[in-house]
Amino acid sequence: MNLASEADIAIKIGRMAERVRWGHPEIARRGIDPCRLAIEGDPGGAEAFSFLVLGDSGTGLHRRDTPQRRVAELLPAHGTDARFLLHTGDVVYQVGSSEQYPDNFIRPYREWIMGGEDWRRLRYDELVFRVPFLPVLGNHDYYDLPLPLGLLAGLTAPPRRLLRSWLDLDVGWHGSYVGQAWARAFLDVLSGVPEADLGEHLAHTRTATVDGARCLLYRPGQFTRLPHRYYSFRWAGVDVFALDSNTFNQPLPAGDDEVELRERRQRLDAERASLLLSLGGDEDARDDRATKAEQLDEQILDIDKQLSGGPRAVDDAQLDWFADALIASWRNPAVRGRLLVLHHPPYVTEVSKWDQGQTLAVRAQLRRVLDRVAAALGDVPAGRPLLDLAFSGHAHCLELLSTGDTGHGDAHIPWAICGGSGHSLRRQRPEGSELLEGPPGSKRVVARSRLFLGRSGRGSALRRTYSALRVDVAAGTPLKLTLTPLVAEKAEGKWRPYRGAGIAL
């Protein structure tokens with residue numbers, strides 16, 4: 001039995017649409033952009049500012065000295081001048097349950113939340129942030145828990161203690177209910193507003209105007225909700241596009257590779273079964289098993305998606321929205337730069353993600369969108385990449401890589417993978433830092449990695465390098481960025497926090 005179950009893409013889209021009353025005539029009547037966000041205090045001009053990025057953080061595996069909290073403790077020193085924080089997804093492990101928000105989200109990030117000094121009293125669905133906390137959905141934020149495993153975890157305390165000595169499942173009674181917990185924690189859930197009160201609620205919350213359309217106003221310390229599962233906002237002339245990659249990451253069907261994939265799945269199943277028979281050990285040993293077990297689960301789930309067959313499900317509505325919004329951004333003289341954030345990386349060299357079917361699917365879908373944008377703009381970018389910088393998570397590391405001349409609209413884009421902020425870390429693939437593409441015998445380099453921080457070394461030389469990222473945006477045009485890793489590293493049983501060297505883009 002897999003630890004988690006996952007709804008089909010159409011169900012994810014439908015459930016989230018219901019929660020924000022997608023397509024409600026009152027929203028259209030008032031001229032509201034349902035995917036636009038304005039943040040109170042936006043200076044408008046091209047001034048300098050900074051922001052923070054982290055992801056894949058929401059773990060409860062560590063009962064005492066948590067890596068997530070170690071990274072979180074690095075942030076307040078930078079949060080005094082950071083204008084917002086982007087989270088690349090997997091806010092709460094393992095199955096996005098509301099039960100896990102107090103320990104796996106509220107407690108570690110309490111300094112960012114109003115009333116966080118008394119964090120035990122806070123409800124996950126009533127959070128108000130001091131500084132804008134802007135997440136996207138990760139796959140674990142959508143996961144649910146199979147009923148037998150939920151009953152075992154919720155009803156039987158002695159077996160749960162046994163399981164924790166074996167492998168800490170980090171689950172409770174139930175899962176996310178198809179992202180419901182994430183929605184109630186971060187979205188303006190209009191389905192909870194009575195029909196008779198909807199107009200008044202919209203009038204009270206959609207008070208900003210951006211590019212001629214009304215939109216939701218995010219007010220730090222007062223009202224801190226997002227409009228939808230994908231959205232955009234602008235700060236100091238920089239447009240940020242946040243996508244839900246869980247609805248366009250469906251791998252291609254197995255095809256001619258089906259026999260090989262089934263054999264590989266059997267091997268992974270056997271390896272997982274062997275792992276789950278190894279009991280005992282200290283916290284580091286349990287962490288190593290948890291890391292390996294989760295990696296095996298992810299690989300098996302990815303293969304299952306490829307073997308499922310049937311039509312390829314794609315969230316075309318979201319991708320069309322992104323293409324149109326990016327084209328409009330390039331044609332707007334008030335915009336000096338463009339950033340993207342989503343959960344699944346299209347390019348990464350982390351050992352478990354670099355060749356996954358979902359990784360390649362996201363690459364193909366983003367290329368399709370960016371090719372369309374490039375065709376619409378013609379020579380408008382004038383040699384610049386269509387995105388100044390893109391962020392993702394999912395891969396449990398901090399990595400900076402750049403695409404080369406891919407022959408598509410995703411050429412020359414720098415990618416920062418921020419997925420090493422608390423959960424189990426992964427290694428870089430042994431094949432190295434260059435990603436190749438093309439048929440056998442004529443492969444070419446399409447991306448190169450220039451920085452990788454994660455798990456390295458073995459035995460007494462093992463290093464676990466957890467991280468977040470500070471991004472400094474210089475004043476003026478063209479956009480100039482400096483990326484600074486914020487690191488909490490554990491080696492030989494000791495923690496060492498440090499700030500990495502700045503990387504100019």
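Computed from a predicted structure; not experimentally measured.
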Q. Do the side chains of L216 and D188 get nearer than 4.5 Å, heavy atoms only?
A. yes
Q. Would you find a donor on one side and an acceptor on the other, under 3.5 Å apart, between the side chain of H87 and the backbone of G89?
A. yes
Q: Without swapping roles, check the side chain of D239 against the backbone of L326 for a donor-acceptor pair under 3.5 Å.
A: no
Q) Should L243 and V136 count as side-chain neighbours, where that means a heavy-atom distance under 4.5 Å? A) no
(Q) Just verifying a value: how many Å separate L86 CG and L339 CG, rounded to the nearest 0.5 Å? (A) 8.0 Å
**Q.** Nearest atoms (heavy-atom pairs only) where A411 meets T403
**A.** C-OG1, 3.5 Å
Q) Will you find, in the side chains of T247 and Q318, an N or O donor that is under 3.5 Å from an N or O acceptor? A) yes
Q: Over all heavy atoms of both residues, which pair between A488 and L74 is shortest? Give the atoms and the distance, please.
A: N-CD1, 3.9 Å
(Q) With heavy-atom distances below 4.5 Å as the criterion, would you say the side chains of F51 and V131 are in contact? (A) no
(Q) Would you say the rings of F186 and F105 are close, in the sense that their centroids are separated by under 6.0 Å? (A) yes
Q) Would the H140 and Y143 ring centres measure less than 6.0 Å apart? A) yes
Q | Backbone N/O of R107 and side chain of R110: donor-acceptor pair under 3.5 Å | A | yes
Q) With D42, which residues qualify under salt bridge (charged side-chain N to carboxylate O under 4.0 Å, His left out), at least two apart? A) none
Please report, to 0.1 Å, the donor-acceptor pairs under 3.5 Å made by any side chain of residues 387-394, with sequence neighbours excluded.
residue, atom, partner, partner atom, Å
D388, OD1, R384, NH2, 3.1
D388, OD2, R338, N, 2.8
D388, OD2, R384, NH2, 3.4
H394, ND1, N139, OD1, 3.2
H394, ND1, H343, NE2, 3.2

Q) With no hydrogens and no angle check, is any side-chain donor or acceptor of E492 less than 3.5 Å from a backbone partner on K494? A) no
Q | No-hydrogen, no-angle side-chain donor-acceptor test under 3.5 Å, E99 and S97 | A | yes
Q. Distance-only, no hydrogens or angles: does the Q68 side chain make a donor-acceptor pair with backbone N or O of N104 under 3.5 Å?
A. yes
Q) Which residue pairs satisfy the side chain to side chain donor-acceptor pair (under 3.5 Å) criterion with at least one member in residues 475-487, sequence neighbours excluded? A) none
Q. Is it true that the side chains of D90 and Y93 contain a donor and an acceptor less than 3.5 Å apart?
A. yes
(Q) Nearest 0.5 Å, please: how far is OG in S421 from NE2 in H396? (A) 10.0 Å
Q.
Does I417 form a side-chain contact (heavy atoms from CB on, under 4.5 Å) with T88? I'd like the steps, not just the answer.
A. CA-CA 9 Å; I417 293 89; T88 61; over 6 Å; no
Q | Considering all heavy atoms, the nearest G409-L386 contact | A | O-CD1, 3.5 Å
Q: Evaluate the criterion salt bridge (charged side-chain N to carboxylate O under 4.0 Å, His left out) for residue pair K12 and E6; output intermediate values, then yes/no.
A: CA-CA 9 Å; K12 294 174 186 173; E6 186 175 8; 2.6 Å; yes
Q) How long is the span from the CG atom in L319 to the CZ atom in F248, to the nearest 0.5 Å? A) 5.5 Å
Q: Verify whether one side chain among Q222 and T224 offers a donor that lies under 3.5 Å from an acceptor in the other.
A: no
Q | Minimal non-hydrogen separation, L469 against A416, with atom names | A | CD2-CB, 4.0 Å
Q: For the pair E126 (side chain) and L122 (backbone), establish whether a donor and an acceptor sit closer than 3.5 Å, ignoring hydrogens and angles.
A: no
Q: Please examine the side chains of L505 and P414, heavy atoms only from C-beta on, and report whether any two atoms are closer than 4.5 Å.
A: yes
Q: In sequence, state the C-alpha distance, the side-chain angles, and the governing distance for D118 and R120, and then conclude on salt bridge (charged side-chain N to carboxylate O under 4.0 Å, His left out).
A: CA-CA 6 Å; D118 194 9; R120 291 179 179 83; 6.0 Å; no
(Q) Can you confirm whether the side chains of R455 and T465 place a donor and an acceptor under 3.5 Å from each other? (A) no
Q: Please work out whether the ring planes of H174 and Y177 are parallel, tilted or perpendicular, with thresholds of 30° and 60°.
A: parallel
Please list every donor-acceptor pair under 3.5 Å in which a side-chain atom of residues 361-370 meets a protein atom from a residue at least two apart or in another chain.
residue, atom, partner, partner atom, Å
R363, NE, P346, O, 2.9
R363, NH1, E437, OE2, 2.9
R363, NH2, P346, O, 3.2
Q365, OE1, R368, NE, 3.1
Q365, OE1, R368, NH2, 2.8
R367, NE, Y347, OH, 3.4
R367, NE, D410, OD2, 3.0
R367, NH1, E437, OE1, 3.1
R367, NH1, E437, OE2, 3.3
R367, NH2, Y347, OH, 2.9
R367, NH2, E437, OE1, 2.9
R367, NH2, E437, OE2, 3.2
R368, NH2, D316, OD1, 3.1

**Q.** Side chain T359, main chain K353, donor-acceptor under 3.5 Å
**A.** yes
Q) What's the spacing between L37 CG and R234 CZ if we round to 0.5 Å? A) 12.0 Å
Q) Between the side chain of D125 and the main-chain N/O of R184, is any donor-acceptor distance below 3.5 Å? A) no
Q: Taking the side chain as every heavy atom from C-beta outward, state whether P67 and R464 have any pair of such atoms under 4.5 Å apart.
A: no
Q: Examine the side chains of H344 and N249 and answer whether a donor and an acceptor come within less than 3.5 Å of each other.
A: yes
Q. Are the side chains of E489 and Y498 in touch, meaning some heavy atoms are under 4.5 Å apart?
A. yes
Q) How close do H412 and P385 get, heavy atom to heavy atom, and via which atoms? A) O-CB, 3.4 Å
Q.
Please tell me whether T349 and E399 have a donor and an acceptor in their side chains that are separated by less than 3.5 angstrom.
A. yes
Q.
Here's a test for you: under side chain to side chain contact (heavy atoms under 4.5 Å, CB included), which of S433, C397, S456 qualifies with Q428?
A. S433
Q) Rounded to the nearest 0.5 Å, how far does CG of L425 lie from CZ of R463? A) 13.0 Å
Q | Non-hydrogen atoms of W354 and V348 that approach each other most closely | A | CB-O, 3.0 Å
Q) Are any side-chain N or O atoms of R444 and backbone N or O atoms of D405, one a donor and one an acceptor, separated by less than 3.5 Å? A) yes
(Q) Just to verify, what does A236 make a side-chain contact (heavy atoms from CB on, under 4.5 Å) with, not counting sequence neighbours? (A) P43, E47, F49, R336
Q. Out of D315, D141, N246, which one pairs with R229 under the side chain to side chain donor-acceptor pair (under 3.5 Å) rule?
A. D315
Q.
Under 6.0 Å between ring centres: does that hold for F241 and F322?
A. yes
Q. To the nearest 0.5 Å, how far apart are CG in L127 and OH in Y101?
A. 9.0 Å
Q. For the rings on F133 and Y109, is their centre-to-centre separation under 6.0 Å?
A. yes
Q: Answer yes or no: is there a donor N or O on one side and an acceptor on the other, between the side chain of S50 and the main chain of D472, under 3.5 Å?
A: no
**Q.** Set of side-chain contact (heavy atoms from CB on, under 4.5 Å) partners for A38, sequence neighbours left out
**A.** A208, V210, C215, L217
